[in-house]
**Student:** 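I am attaching a structure below and will ask some questions about it afterwards.
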Number of protein chains: 2
Amino acid sequence: MGLKIGELAQATGTKVETVRYYERIGLLPEAERTSGNYRSYTPAHLDQLNFIRHARRLGFDIADIRSLLDLADQPERDCAEVDRIASGHLQAVEDKIARLVLLQEELNRMIGQCRGGRVGNCRIIETLADHSLCRSDHAGG
Amino acid sequence: MGLKIGELAQATGTKVETVRYYERIGLLPEAERTSGNYRSYTPAHLDQLNFIRHARRLGFDIADIRSLLDLADQPERDCAEVDRIASGHLQAVEDKIARLVLLQEELNRMIGQCRGGRVGNCRIIETLADHSLCRSDHAGG
DNA sequence: CTTGACCCTGTAGCCGCTACAGGGTGCATA
DNA sequence: TATGCACCCTGTAGCGGCTACAGGGTCAAG
């Protein structure tokens, strides 16, 4: 007999609710049911969930993971598409880092200018109130 | 007469719906209404919304912004609390950057190992399927 | 035969918006 | 006066990726 949902969850570092969620959205195939209506998972489920969790830990979104699973199922295909997805994600990560670094710099600058004292002449508050006091280009998002 | 919501929105780089959202959650005080039930905003609203938008662009969450607005209203207070909020946020930004850099490295490594060819022996797919092929410690979150 | 750990379904909430639907207002033009 | 259009109003649902219940059923041990 296969794994119960709790066992699968534990084996993959997933919450039980999350496993059910993945099934609901069609990311993980439905499991057989026992006579008591418990889900019963196969080693194939375990592999797939490991794949999913690994991809999630690397920040891939669900849509990407769907595509990757789909591709993994067609071993004869050219892997350019896999590359494209991974590179696109890498680019997104790098963009995010760049934006966060801008925030980091601006926050550091703001905090560094505050020499203690009253809120009334706190540089942090002043800067928030007046964007022109910024080194400017911290973007939205 | 004050600004209409669309004017306020444009002046601050905000969407009209977002302005109404801020009012609904109590981040922006309610505006007076015209005879036609249009919101009418004062310069004080404009300032506050600019403050909010600026803080949002710097990544502060709504709860932090609430606190900052509250503090900005009490100029005689010690600004240590302002500092605490800003430093906490900076720390969060730095943590996020660190996590993203780990992802970036791992993604780079994965992508660099793929030499083209079929999905069947694509290193990207293999790595996703088997966490032990990773340099390990890219965290969750 | 009861306890307690597990399982089931279904639904609502998190964040910070965004995007409608379905209606009203206000001003310019034909 | 009628029409059109840009704007405004309220209310609600959706996004992603879970998470956290409520309210019930199952199963093995003692």
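Note that this is a predicted model, so its numbers are computed, not measured. Chain identifiers are assigned alphabetically (A, B, ...) following the order of the sequence lines, protein sequences preceding nucleic acid strands; residue numbering begins at 1 within each chain.
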**Student:** Give every residue pair that meets the ring-ring contact (aromatic ring centres under 6.0 Å, His included) criterion with at least one member in residues 60-114 of chain B, sequence neighbours excluded.
**Tutor:** B:Phe60-B:His89
**Student:** Axis-to-axis angle across the helix from C:dC1-D:dG30 to C:dA30-D:dT1, five pairs an end, to 10 degrees?
**Tutor:** 30°
**Student:** Could you give all pairs that pass the ring-ring contact (aromatic ring centres under 6.0 Å, His included) test and reach residues 4-32 of chain A, with sequence neighbours left out?
**Tutor:** none
**Student:** Step by step, would you call B:Arg84 with B:Glu81 a salt bridge (charged side-chain N to carboxylate O under 4.0 Å, His left out)?
**Tutor:** CA-CA 5 Å; B:Arg84 210 188 49 74; B:Glu81 181 67 8; 3.0 Å; yes
**Student:** Go through residues 10-22 of chain B and report each residue with a non-hydrogen atom lying under 4.0 Å from DNA chain C, sorted by number.
**Tutor:** B:Lys15, B:Glu17, B:Thr18, B:Tyr21, B:Tyr22
**Student:** Categorize B:Arg66 for me: base, sugar-phosphate, or nothing, with a 4.0 angstrom heavy-atom threshold over every strand shown.
**Tutor:** nothing
**Student:** I'd like to know if the side chain of B:Thr18 reaches the main chain of B:Thr14, judged simply by a donor and an acceptor atom lying under 3.5 Å from each other, with no hydrogens or angles considered.
**Tutor:** no
**Student:** Please say yes or no: joined through hydrophobic side-chain contacts below 4.5 Å, possibly via intermediate residues, are B:Tyr41 and B:Tyr38 part of one cluster?
**Tutor:** no
**Student:** Expressed as a whole number of angstroms, how long is the span from B:Phe60:CZ to C:dC15:P?
**Tutor:** 18 Å
**Student:** In residues 35-52 of chain B, what residues come within less than 4.0 Å of DNA chain D, judged by heavy atoms?
**Tutor:** B:Asn37, B:Tyr38, B:Arg39
**Student:** Is B:Gln10 atom CD crowded by more than 12 heavy atoms from other residues, nucleotides or ligands, each under 6.0 Å away?
**Tutor:** no
**Student:** Return the 5'-most residue of the pair A:Ala63, B:Gly6 with respect to DNA chain D, ranking by each residue's nearest nucleotide.
**Tutor:** B:Gly6
**Student:** Please determine whether salt bridge (charged side-chain N to carboxylate O under 4.0 Å, His left out) holds for the pair B:Glu7 and B:Lys4, giving the CA-CA distance in whole Å, both sets of side-chain angles, and the decisive distance to 0.1 Å.
**Tutor:** CA-CA 5 Å; B:Glu7 294 164 340; B:Lys4 280 194 276 187; 5.2 Å; no
**Student:** Considering non-hydrogen atoms only, spot the tightest contact between B:Leu46 and B:Ala11 and give its length.
**Tutor:** CD1-CB, 3.9 Å
**Student:** Count the heavy atoms belonging to other residues, nucleotides or ligands that lie under 6.0 Å from CD of B:Gln74, then report whether that count exceeds 12.
**Tutor:** yes
**Student:** Tell me, yes or no, whether the heavy-atom count around B:Glu30 atom CD, taken from other residues, nucleotides or ligands under 6.0 Å, exceeds 12.
**Tutor:** no
**Student:** Mind checking which nucleotides bracket the chain A contacts on DNA chain D, 5' to 3', with an atom under 4.0 Å from a heavy atom?
**Tutor:** D:dG17 to D:dC27
**Student:** Quick one: on DNA chain C, does B:Thr34 or B:Arg56 contact a more 5' nucleotide (nearest heavy atom)?
**Tutor:** B:Arg56
**Student:** Can you give me the closest heavy-atom contact between A:Ala72 and B:Ile125, atom names plus distance?
**Tutor:** CB-CG2, 3.9 Å
**Student:** Testing the 3.5 Å rule here: is there a donor-acceptor pair between the side chains of B:Asp95 and B:Gln91?
**Tutor:** yes
**Student:** Kindly give the heavy-atom pair with the smallest separation between A:Leu128 and B:Ala55, and that separation in Å.
**Tutor:** CD2-CA, 3.8 Å
